[in-house]
2 protein chains.
Amino acid sequence: MAAALSELEKEVVNIFVRIAGLLSLPRSVGELYGVLFISPEPMCIDDLMRKLKISKGSTSQGLKILRSFGAVNPVYVAGDRRDFFTAEAELRKIVAGFVNEQIRPHLNNGKERMMRIESLLIEETPDRKEFIAERMERLQGWQKRANALLPFALNFIKPE
Amino acid sequence: MAAALSELEKEVVNIFVRIAGLLSLPRSVGELYGVLFISPEPMCIDDLMRKLKISKGSTSQGLKILRSFGAVNPVYVAGDRRDFFTAEAELRKIVAGFVNEQIRPHLNNGKERMMRIESLLIEETPDRKEFIAERMERLQGWQKRANALLPFALNFIKPE
DNA sequence: CAGATTGTTCATAAAATAATGAACGATCTG
DNA sequence: CAGATCGTTCATTATTTTATGAACAATCTG
């Protein structure tokens with residue numbers, strides 16, 4: 001039980017490790033999701049540690065991150081005290097969770113910052129002020145578009 | 001000339017440093033773009049180094065990255081041997097460049113990998129095979145959606 | 001051409017990020 | 001309740017990423 005990763009498993013894990021990289025998530029998070037994604041049965045921390053040869057700490061924290069945006073579902077296994085997990089396979093749920101947890105906070109922070117800049121603008125010399133004001137408007141435009149695109153993108157990912 | 005960053009400049013730079021983080025780009029790249037973004041005049045490496053108090057190496061490499069996806073435009077300044085730059089302010093150009101340079105390669109790699117997995121699938125036991133096949137199909141579905149969303153998102157960002 | 005100036009590269013240093021594993025608290029088991 | 005089992009946390013270590021700056025090549029200047 002809990003043999004090393006098969007060739008196929010390695011490939012799948014590799015895919016998710018790459019995705020994790022794109023999303024600035026630790027490698028181990030990608031590994032964990034990958035293994036769960038191709039596992040027909042739910043797995044517990046111990047299974048995952050052994051399979052991936054990573055530490056208990058990494059495993060626990062990785063699962064915590066995955067849970068935080070709903071990429072992983074806790075599963076009750078009768079007669080076993082340990083916590084088991086399966087991969088959430090509905091893309092929309094994962095993306096929505098990820099956006100809410102990891103993206104939205106940053107966007108909001110940007111808004112506040114913009115207000116502050118507006119107030120600082122007053123102290124500039126007239127010529128610079130004009131230019132900077134133009135840039136600020138542009139920046140706000142970008143922000144609006146990003147904010148508009150987000151819900152659209154989420155909707156684009158249709159439910160199954 | 002080339003005084004330290006004003007309060008306003010700091011705020012703007014800060015915004016772009018955050019964006020750089022989201023895109024997994026070095027902090028210095030965000031700083032460079034930020035300073036250029038609010039500068040009415042084109043700037044050369046020396047201006048940027050002094051303004052941001054970063055090394056020449058970082059500045060040169062940072063500009064290289066920014067040029068690689070068209071976030072920065074070389075500008076000819078009469079009577080000066082040095083290279084000057086302004087920030088590209090048209091979002092669409094930047095995003096398109098970024099996607100082509102930093103995202104597309106990864107997506108393609110994913111396709112190849114998928115093929116390889118298909119071939120490995122043969123060696124699985126029947127019951128596992130069924131499950132894994134289902135997952136692979138799902139994964140391919142995700143890939144298709146991502147590929148479809150990308151050009152759409154680009155188009156969403158309307159010119160001017 | 002000799003000396004300056006400018007931008008790039010790359011080995012090294014510094015900083016940031018992730019992984020490890022021992023310590024701990026919580027829960028179960030007999 | 002005493003011991004065992006689990007999962008989490010966090011100080012430390014390892015790894016990866018980024019920044020530095022000296023060396024260099026290319027170009028200009030008189």
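Residue numbering restarts at 1 for every chain, and letters A, B, ... go by the order of the sequence lines.
- Per the geometry, CD1 belonging to B:I45 stands 15 Å off P belonging to D:dG21, to the nearest Å.
- Rounded to an integer number of Å, the gap from A:E31 CD to D:dT15 C1' is 14 Å.
- Distance CG (B:D46) to P (C:dT8): 13 Å, rounded to an integer number of Å.
- Figure legend: cation-pi geometry between A:R135 and B:F37, with NZ or CZ positioned under 6.0 Å from the six-membered ring centre and within 45° of its axis.
- Looking at B:E9, its side chain does come within 3.5 Å of a backbone N or O of B:S6 through a donor-acceptor pair.
- In this structure, B:R81 reaches the bases: a heavy-atom distance under 4.0 Å links it to at least one base atom across the strands shown.
- Between the CZ atom of B:F84 and the C1' atom of C:dT5 there is a distance of 13 Å, given to the nearest Å.
- Distances shown here put a side-chain N or O of B:S58 below 4.0 Å from the OP1 or OP2 atom of D:dT20.
- Applying the 3.5 Å distance criterion, the base of D:dT18 shares no donor-acceptor pair with the side chain of B:R27.
- At the heavy-atom level, B:T59 lies nowhere under 4.0 Å from the strands shown.
- Residue B:K56 is classed as a base contact, given a heavy-atom separation below 4.0 Å to a base.
- For C:dG7, the OP1/OP2 oxygens have no side-chain nitrogen or oxygen of B:R67 closer than 4.0 Å.
- Rounded to whole Å, atom P of C:dT27 lies 12 Å from atom CG of A:D83.
- Put simply, CG on A:D80 is 17 Å from P on C:dT27, counting in whole angstrom units.
- Following rounding to the nearest Å, A:Q61 (CD) and C:dA19 (P) show an atom-to-atom distance of 9 Å.
- Relative ring orientation between B:F152 and A:F152 is described as parallel, the plane-to-plane angle staying below 30° on a 0-90° scale split at 30° and 60°.
- Around CD of B:E118, the count of heavy atoms belonging to other residues, nucleotides or ligands within 6.0 Å exceeds 12.
- For C:dA19, the OP1/OP2 oxygens have no side-chain nitrogen or oxygen of A:S55 closer than 4.0 Å.
- Here the P atom of nucleotide D:dT18 and the CG atom of B:L52 are 17 Å apart, to the nearest Å.
- As judged by a 4.0 angstrom heavy-atom cut-off over every strand, A:I54 is placed among residues touching the sugar-phosphate backbone only.
- Out of D:dC10, C:dA19, D:dG7, the shortest distance to the side chain of A:S28 is found at C:dA19.
- A side-chain N or O of A:S24 and one of B:S24 form a donor-acceptor pair less than 3.5 Å apart.
- Note on B:R82: every side-chain N or O is 4.0 Å or more away from OP1 and OP2 of C:dT8.
- OP1 or OP2 of D:dT9 sits under 4.0 Å from a side-chain N or O of A:K64.
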